[in-house]
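All of these numbers come straight from a predicted model, not from anything done at the bench.
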Amino acid sequence: VTPFLKKEKNLVVFISHSHPDHFNPELKNLLKEYKVHYVVSEDVKVYAPEFLDGLEENLTILKPGNRVTVKNIEIEALPSTDMGLAFFITYEGLNIFFPGDFALWTWDTLDRETYEMLHEVFSKILNHVATQNIDILFVVADPRLHDAGWGGALTAIELTMPKKLVIPIHLAGQLNY
């Protein structure tokens with residue numbers, strides 16, 4: 001990614017949570033060459049506190065429900081159905097939803113009560129997102145959840161009907177689905 005970044009531009013790095021597939025401590029090294037601001041889920045404070053050392057002036061820590069503006073980017077932190085946050089981002093009139101690990105994690109091992117609660121939370125958050133006139137929608141499309149509508153990805157697309165682009169994430173390297 002770094003060959004495409006311009007050193008004179010502001011860079012905002014979003015960290016939805018501390019799982020290793022969403023967070024790399026080496027992101028801190030970007031500060032050596034770029035004007036970076038980190039927008040981080042509060043769980044990073046607990047699971048990777050050393051990452052935050054020395055970032056105080058370049059850091060915004062969020063929890064669900066927070067709304068902030070960073071470098072002219074409006075950010076709403078939404079709850080996840082797993083660890084951390086999902087982000088609703090508005091920049092220069094473009095509305096973007098990044099889910100982090102927000103998905104329908106409908107594993108066979110879930111008891112009925114947890115399954116129903118997960119569906120309720122997923123629907124509530126997704127219905128809120130659907131009211132936001134999404135331009136770019138990132139969706140968790142985990143191959144392990146193929147039989148469950150890709151972890152809610154199909155439902156998210158149908159409900160939000162993004163105007164410009166859908167970007168699947170969490171594919172675990174599987175690009176031929």
Side-chain angles (χ1 to χ4, degrees), residues 1-24 26-27 30 34-41 44 60 62 64-106 118-119 121-177:
V1 172
T2 53
F4 301 101
L5 300 177
K6 296 181 179 177
K7 294 183 181 188
E8 69 277 4
K9 298 280 187 178
N10 289 315
L11 175 64
V12 178
V13 173
F14 290 85
I15 301 172
S16 61
H17 61 289
S18 58
H19 287 166
D21 59 333
H22 289 259
F23 168 66
N24 183 339
E26 291 183 22
L27 287 168
L30 290 171
Y34 302 95
K35 297 185 283 186
V36 185
H37 190 91
Y38 298 88
V39 177
V40 178
S41 169
V44 175
T60 301
L62 299 177
N66 289 154
R67 290 174 184 256
V68 298
T69 301
V70 173
K71 308 288 182 191
N72 295 320
I73 301 170
E74 296 174 36
I75 305 159
E76 179 182 4
L78 299 168
S80 178
T81 51
D82 193 12
M83 185 177 240
L85 300 171
F87 297 110
F88 177 69
I89 302 160
T90 301
Y91 179 67
E92 294 186 352
L94 199 62
N95 293 328
I96 304 164
F97 177 70
F98 184 80
D101 264 351
F102 172 75
L104 270 176
W105 300 106
T106 52
L118 179 64
H119 272 269
V121 170
F122 183 82
S123 295
K124 181 180 178 184
I125 295 166
L126 196 54
N127 284 328
H128 169 68
V129 170
T131 67
Q132 303 301 311
N133 202 18
I134 300 295
D135 294 297
I136 300 173
L137 175 71
F138 288 80
V139 290
V140 172
D142 193 304
R144 298 171 295 174
L145 299 170
H146 177 269
D147 294 338
W150 295 94
L154 298 178
T155 302
I157 294 166
E158 289 170 6
L159 275 178
T160 62
M161 293 304 293
K163 295 187 293 185
K164 298 186 187 286
L165 187 61
V166 174
I167 302 170
I169 64 169
H170 235 282
L171 293 169
Q174 302 298 316
L175 303 177
N176 4 321
Y177 286 100

Problem set entry | I169 vs V139, side-chain contact (heavy atoms from CB on, under 4.5 Å): CA-CA, chis, key distance, verdict | CA-CA 6 Å; I169 64 169; V139 290; over 6 Å; no
Exercise. For T160, what residues pass the side-chain hydrogen bond (donor to acceptor under 3.5 Å, both in side chains) criterion, not counting sequence neighbours?
Worked result: none
Problem set entry | Smallest separation among heavy atoms of S41 and S16, with atom names | CB-O, 3.0 Å
Exercise. Would you say E26 has more than 12 foreign heavy atoms packed within less than 6.0 Å of its CD?
Worked result: no
For this session: Find the distance between CG (N72) and CG (N10) and round it off to the nearest 0.5 Å.
Result: 8.5 Å
Problem set entry | With K7 via side chain to side chain contact (heavy atoms under 4.5 Å, CB included) - residues at least two apart | E33, Y34
Exercise. Residues two or more places apart in sequence or in another chain: which of them pass salt bridge (Lys or Arg N to Asp or Glu O under 4.0 Å) with K163?
Worked result: D135
Problem set entry | Listed partners of L159 passing side chain to side chain contact (heavy atoms under 4.5 Å, CB included), at least two apart | L126, N127, A130, T155
Exercise. Taking only residues two or more places apart in sequence, or in another chain, which ones meet K164 in a side-chain hydrogen bond (donor to acceptor under 3.5 Å, both in side chains)?
Worked result: none
For this session: Sequence neighbours left out, what passes side-chain hydrogen bond (donor to acceptor under 3.5 Å, both in side chains) with S18? Give chain and number order.
Result: D43
Problem set entry | Test side-chain contact (heavy atoms from CB on, under 4.5 Å) applied to H37 and T60, step by step | CA-CA 8 Å; H37 190 91; T60 301; 2.7 Å; yes
Exercise. Quick one: side chain to side chain contact (heavy atoms under 4.5 Å, CB included) partners of A77, sequence neighbours excluded?
Worked result: L62, N66, L85
For this session: Kindly compute the distance separating CE (M161) from CG (L137), expressed to the nearest 0.5 Å.
Result: 11.0 Å
Which atom pairs, donor and acceptor, lie under 3.5 Å between side-chain atoms of residues 86-105 and protein residues at least two apart or in another chain?
from, atom 1, to, atom 2, distance (Å)
T90, OG1, N95, OD1, 2.9
N95, ND2, Q132, O, 3.0
N95, ND2, N133, O, 3.1
D101, OD1, H22, NE2, 3.0
D101, OD1, H170, NE2, 2.7
D101, OD2, H17, NE2, 2.9
D101, OD2, H19, ND1, 3.0
W105, NE1, D101, O, 2.7

For this session: Output every pair passing salt bridge (charged side-chain N to carboxylate O under 4.0 Å, His left out) with a member in residues 65-79, not counting sequence neighbours, ordered by first then second residue.
Result: R67-E76
For this session: With sequence neighbours excluded, tell me which residues meet side chain to side chain contact (heavy atoms under 4.5 Å, CB included) with V121.
Result: T81, M117, I125
Exercise. Looking at side-chain heavy atoms only, is the closest gap between Y38 and V44 below 4.5 Å?
Worked result: no
